[in-house]
Amino acid sequence: MSNTNRSRVGSTLAIVVSLSILVLSGWVVLNRQTVFDQWSVSQYQPTSGIASIVDRSGLSDKGKFYFYTSHPEVDSAAQFNANCQRQEAQSAILGCYANGRIYIYDVTNAQLDGVKEVTAAHETLHAVWDRLSGSEQQSVGALLEAEYAQMSSPELKDRLAYYERAEPGKRQNELHSIIGTEVASLSPELEAHYRQYFTDRAKVVALHSSYQRVFDGISAQSDALLVELNVLAGDIKASVTQYNNDAAVVSQDSENLKNSTNSVDRTSQFEVNQYNARRQALINRIDQLESLRTAINAKSEQYKIKVAEYEKLAIRSNDLTQSLDSTLAPPPSL
């Protein structure tokens with residue numbers, strides 16, 4: 001081959017290589033998030049605890065990818081509070097997606113099993129939302145709003161109001177995470193969307209329902225007990241009023257009978273019988289008063305027992321709530 005041909009071939013190869021590099025560079029620029037995510041996942045080694053979260057939450061390979069590319073970690077209270085800043089003092093948070101990282105509070109209360117998995121899936125869906133294109137966010141957002149319009153949940157309405165205050169403009173982002181991890185039955189279009197990130201979305205919904213039932217059960221018991229206490233308190237109050245009124249009348253009648261004793265003609269069987277009849281009627285009324293007093297005391301004891309039950313439920317609810325609040329965690333022991 002002549003030097004001229006070699007030069008032409010070399011020039012052609014150089015052009016092809018240059019074009020390839022240019023195309024590759026262009027693709028990298030256009031897909032820099034995908035490239036970064038691939039690199040980020042390659043740099044992450046999940047702990048056994050993190051891996052078990054993936055299994056229990058039902059994340060798909062794609063969902064796991066976005067979970068791992070966020071380098072998730074489960075933190076104790078102090079570390080979690082350093083990584084996740086709450087926006088309102090009265091609103092505890094269980095996780096956050098901050099600066100491309102996922103942080104999960106290490107809730108250890110066995111009664112709330114599953115809360116870490118649900119939190120992880122919730123935050124993963126934030127990572128997913130960040131990677132949707134503008135048109136995808138718009139179409140999925142419309143589906144989410146349609147779903148929300150069919151729901152009647154005051155609790156969810158309050159949560160969204162909080163997010164509007166704490167994170168303005170993040171409504172659909174939050175709906176995307178909440179509905180995806182907490183609502184069992186969705187439109188076919190939304191189910192198809194979430195199927196990309198869950199092999200079995202029912203797993204994470206079941207976990208959420210499981211620990212939510214603990215709170216709902218306590219709330220239902222407390223509400224029922226409160227109704228019983230109010231009814232019982234009203235009954236006791238009415239009985240005490242009746243007792244006091246009847247006792248006043250009996251006391252007066254007893255005094256009148258006592259005063260009439262000396263005026264009874266003991267030689268008249270009629271007057272003696274009348275006096276004895278009045279005396280026996282009074283004794284019967286006193287017995288009735290004593291029965292009413294006994295009943296009031298019994299109801300009062302019942303009321304005390306129910307108050308104690310109500311207070312125990314309040315303490316249990318408070319303990320559960322505190323176990324979800326990283327700022328209320330007990331200090332480490334020395």
Side-chain angles (χ1 to χ4, degrees), residues 46-47 49-59 63 66-68 70-130 153 155-167 170-171 173-183 197-198 201 203-219 316-330:
T47 63
I50 290 292
S52 70
I53 284 177
V54 171
D55 294 337
R56 294 193 69 202
S57 61
L59 288 172
Y66 288 125
F67 184 46
Y68 284 175
S70 305
H71 288 208
E73 62 182 52
V74 177
D75 291 334
S76 60
Q79 189 61 45
F80 179 78
N81 292 333
N83 290 324
C84 297
Q85 303 297 319
R86 67 167 63 188
Q87 301 299 315
E88 295 183 359
Q90 301 304 316
S91 300
I93 56 176
L94 300 173
C96 68
Y97 176 64
N99 300 317
R101 295 286 308 278
I102 288 177
Y103 302 100
I104 303 163
Y105 177 45
D106 188 15
V107 177
T108 58
N109 192 320
Q111 295 180 81
L112 302 176
D113 177 53
V115 69
K116 286 184 285 192
E117 287 77 8
V118 175
T119 301
H122 178 108
E123 300 305 334
T124 298
L125 289 176
H126 283 318
V128 168
W129 184 265
D130 267 3
S153 170
E155 188 269 341
L156 179 54
K157 184 177 180 180
D158 289 343
R159 285 172 70 184
L160 289 178
Y162 160 75
Y163 287 124
E164 286 291 345
R165 296 191 304 271
E167 302 176 71
K170 299 289 186 178
R171 172 189 170 87
N173 190 347
E174 291 299 336
L175 273 178
H176 183 244
S177 289
I178 294 170
I179 288 176
T181 56
E182 300 179 18
V183 181
Y197 312 107
F198 294 93
R201 196 177 65 83
K203 281 186 177 182
V204 73
V205 173
L207 288 174
H208 174 263
S209 297
S210 178
Y211 67 77
Q212 187 60 48
R213 276 196 298 271
V214 178
F215 285 101
D216 291 344
I218 293 174
S219 180
R316 186 182 171 199
S317 178
N318 187 58
D319 288 345
L320 287 171
T321 300
Q322 287 193 6
S323 70
L324 294 176
D325 192 337
S326 59
T327 65
L328 299 177

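The figures here come from the full heavy-atom set of this structure, side chains too, leaving out hydrogens, waters and symmetry mates. Given the structure is predicted, the values throughout are model-derived calculations rather than measurements.
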Tyr163 and Asn173: CA distance, side-chain angles, deciding distance, side-chain contact (heavy atoms from CB on, under 4.5 Å) verdict: CA-CA 10 Å; Tyr163 287 124; Asn173 190 347; over 6 Å; no

Restricting to non-hydrogen atoms, name the atom on [X] and the atom on [Y] that form the minimum distance, rounded to 0.1 Å.
X	Y	answer
Ile93	Cys84	CD1-CB, 3.8 Å
Val204	Ser57	CB-O, 3.5 Å
Arg56	Gly114	NH1-N, 4.3 Å
His208	Val118	N-CG2, 3.6 Å
Asn109	Gln111	OD1-N, 2.9 Å
Pro72	Ile50	O-CD1, 3.9 Å

Test log, rule side-chain contact (heavy atoms from CB on, under 4.5 Å), inputs Val128 and His176: CA-CA 9 Å; Val128 168; His176 183 244; 4.0 Å; yes

Between atom [atom1] of [X] and atom [atom2] of [Y], what is the distance when rounded to the nearest 0.5 Å?
X	Y	atom1	atom2	value
Glu167	Tyr162	CD	OH	6.5 Å
Thr124	Ile102	OG1	CD1	4.0 Å
Arg201	Glu182	CZ	CD	10.5 Å
Gln322	Asn318	CD	CG	4.5 Å
Leu207	Asp113	CG	CG	7.0 Å
Leu94	Phe80	CG	CZ	6.5 Å

Asp158 atom CG, neighbour heavy-atom count above 12 within 6.0 Å: yes

Any side-chain heavy-atom pair of [X] and [Y] under 4.5 Å:
X	Y	result
Tyr105	Asp325	no
Val107	Thr119	no
Leu175	Arg171	yes
Phe215	Leu324	yes

With Glu73 via side-chain contact (heavy atoms from CB on, under 4.5 Å) - residues at least two apart: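 So Glu73 forms a side-chain contact (heavy atoms from CB on, under 4.5 Å) with Asp75, Gln79, Asn83, Arg101, Tyr103.
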
Are the side chain of [X] and the backbone N or O of [Y] linked by a donor-acceptor pair below 3.5 Å?
X	Y	answer
Glu123	Tyr97	yes
Ser219	Asp216	no
Ser177	Glu174	no

Test log, rule ring-ring contact (aromatic ring centres under 6.0 Å, His included), inputs Tyr68 and His71: CA-CA 5 Å; Tyr68 284 175; His71 288 208; 9.2 Å; no

Chi angles and distances behind the side-chain contact (heavy atoms from CB on, under 4.5 Å) call for Val74, Thr47: CA-CA 10 Å; Val74 177; Thr47 63; over 6 Å; no

